[in-house]
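Dropping a structure here in structure tokens format, bear with me for questions.
The first residue of the sequence shown is numbered 1, and numbering continues consecutively from there. Atoms considered below: every heavy atom in the structure, side chains included; atoms not considered: hydrogens, waters and symmetry mates.
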Amino acid sequence: MSDEEKINEVLENFNFGKVQMVMDFLHWKWINNGTFAIPSYYRMIENAKDLLYRCKNSKDETVTISTGGFVAHKNKNEEGENLYSLSFVICESSNF
């Protein structure tokens with residue numbers, strides 16, 4: 001499976017509708033042409049796709065890129081294949 005197919009699989013399996021409900025509930029806004037607005041369903045998909053492709057195009061084996069609550073990640077498995085993930089994070093804590 002190509003990287004593009006893997007990215008498309010991640011996007012197809014991601015529940016953007018659930019994220020939209022959370023953003024609506026929290027009044028979570030992004031900047032849009034100089035004003036703040038809750039992003040459209042399609043803008044969220046385009047933003048997430050952009051993050052995943054930025055991970056793909058990175059020369060690093062492991063990379064995480066995030067913005068607007070979305071977190072895209074690329075990592076290599078034991079066979080050297082790229083694997084991708086996409087998250088929407090509203091709260092996180094860590095001690096590392």
>> Is there a path of hydrophobic side-chain contacts, each under 4.5 Å between heavy atoms, that joins Ile90 and Phe25?
In response: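 Yes.
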>> Membership question, hydrophobic clusters at under 4.5 Å side-chain separation (ILVMFWY): are Val89 and Val63 in the same one?
In response: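 Different clusters.
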> Are the side chain of Trp30 and the backbone N or O of Ile38 linked by a donor-acceptor pair below 3.5 Å?
Replying inline: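 Such a contact is absent between Trp30 side chain and Ile38 backbone.
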> In the hydrophobic cluster built from side-chain contacts under 4.5 Å, what are the other members alongside Phe36?
Replying inline: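 In the cluster with Phe36 are Ile31.
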>> Determine whether a donor-acceptor pair (N or O, by modelled atom type, separation under 3.5 Å) exists between the side chain of Asn77 and the backbone of Glu79.
In response: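 Judged by distance alone, yes, a pair lies under 3.5 Å.
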>> Holding to side-chain hydrogen bond (donor to acceptor under 3.5 Å, both in side chains), I want the full list of residues that pass it with Glu12, two or more places apart in sequence or in another chain.
In response: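 Residues passing side-chain hydrogen bond (donor to acceptor under 3.5 Å, both in side chains) with Glu12: none at all.
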> Can you name the residues that form a salt bridge (charged side-chain N to carboxylate O under 4.0 Å, His left out) with Glu9, not counting sequence neighbours?
Replying inline: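 Salt bridge (charged side-chain N to carboxylate O under 4.0 Å, His left out) check on Glu9 returns nothing, list empty.
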> Can you name the closest pair of heavy atoms from His73 and Cys55 and give their distance?
Replying inline: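 Heavy atoms only, the tightest pair is N-SG, 4.0 Å.
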>> Can you tell me how far apart NZ (Lys6) and CG (Leu52) are? Round to the nearest 0.5 Å.
In response: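 So the gap between those two atoms works out to 13.0 Å.
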> Taking it one step at a time, do Lys76 and Asn82 satisfy side-chain hydrogen bond (donor to acceptor under 3.5 Å, both in side chains)?
Replying inline: CA-CA 5 Å; Lys76 288 203 183 280; Asn82 289 329; 2.9 Å; yes
> What pairs with Glu5 under side-chain contact (heavy atoms from CB on, under 4.5 Å), at least two apart in sequence or on another chain?
Replying inline: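 Residues passing side-chain contact (heavy atoms from CB on, under 4.5 Å) with Glu5: Met1, Ser2.
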> Got a sec, which residues hit salt bridge (charged side-chain N to carboxylate O under 4.0 Å, His left out) with Arg43, two or more places apart in sequence or on another chain?
Replying inline: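 With sequence neighbours excluded, Arg43 shows a salt bridge (charged side-chain N to carboxylate O under 4.0 Å, His left out) to no residue whatsoever.
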> Cluster question for you: counting only ILVMFWY and a side-chain heavy-atom cut-off of under 4.5 Å, with indirect links fine, are Phe14 and Tyr41 together?
Replying inline: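 Shared cluster, yes.
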>> Could you measure the distance from the CG atom of Leu51 to the NZ atom of Lys56? Nearest 0.5 Å is fine.
In response: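 Atom-to-atom, Leu51:CG and Lys56:NZ are 14.5 Å apart.
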>> Phe88: which residues meet the ring pair (Phe, Tyr, Trp, His ring centres under 6.0 Å) condition with it, sequence neighbours left out?
In response: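 Applying ring pair (Phe, Tyr, Trp, His ring centres under 6.0 Å) to Phe88 gives Trp28, Phe70.
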>> Show the nearest heavy-atom pair for residues Phe16 and Leu11, with the distance to one decimal.
In response: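 Looking at all heavy atoms of both residues, the closest pair is CE1-O, 3.6 Å.
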> For the atom pair CD1 (Ile45) and CG (Asp50), what is the distance rounded to the nearest 0.5 Å?
Replying inline: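 It comes to 13.5 Å.
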>> Same cluster or not: Ile65 versus Tyr84, using hydrophobic residues (I, L, V, M, F, W, Y) connected whenever any side-chain heavy atoms lie under 4.5 Å apart?
In response: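 The answer is yes; both residues are in one hydrophobic cluster.
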> Got Met44 and Met23 here, is their nearest side-chain heavy-atom distance under 4.5 Å?
Replying inline: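 Yes, close enough: below the 4.5 Å cut-off.
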> Between CG of Asn75 and CG of Leu83, what distance do you get to the nearest 0.5 Å?
Replying inline: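 So the CG of Asn75 and the CG of Leu83 are separated by 7.0 Å.
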> Are Leu86 and Val22 co-members of a hydrophobic cluster defined by side-chain heavy atoms under 4.5 Å apart?
Replying inline: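 Linked within one cluster.
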> Within the distance-only criterion (no hydrogens, no angle test), does the side chain of Asn15 pair as donor or acceptor with the backbone N or O of Lys18 below 3.5 angstrom?
Replying inline: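 Checking the backbone N and O of Lys18 against the side chain of Asn15, a donor-acceptor pair under 3.5 Å is found.
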> When rounded to the nearest 0.5 angstrom, what is the spacing between CG in Asn8 and NZ in Lys49?
Replying inline: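 Answer for the CG-NZ pair, Asn8 versus Lys49, is 6.0 Å.
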> Does the distance from a Lys or Arg side-chain N to an Asp or Glu carboxylate O, for Lys74 and Glu61, drop under 4.0 Å?
Replying inline: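 No.
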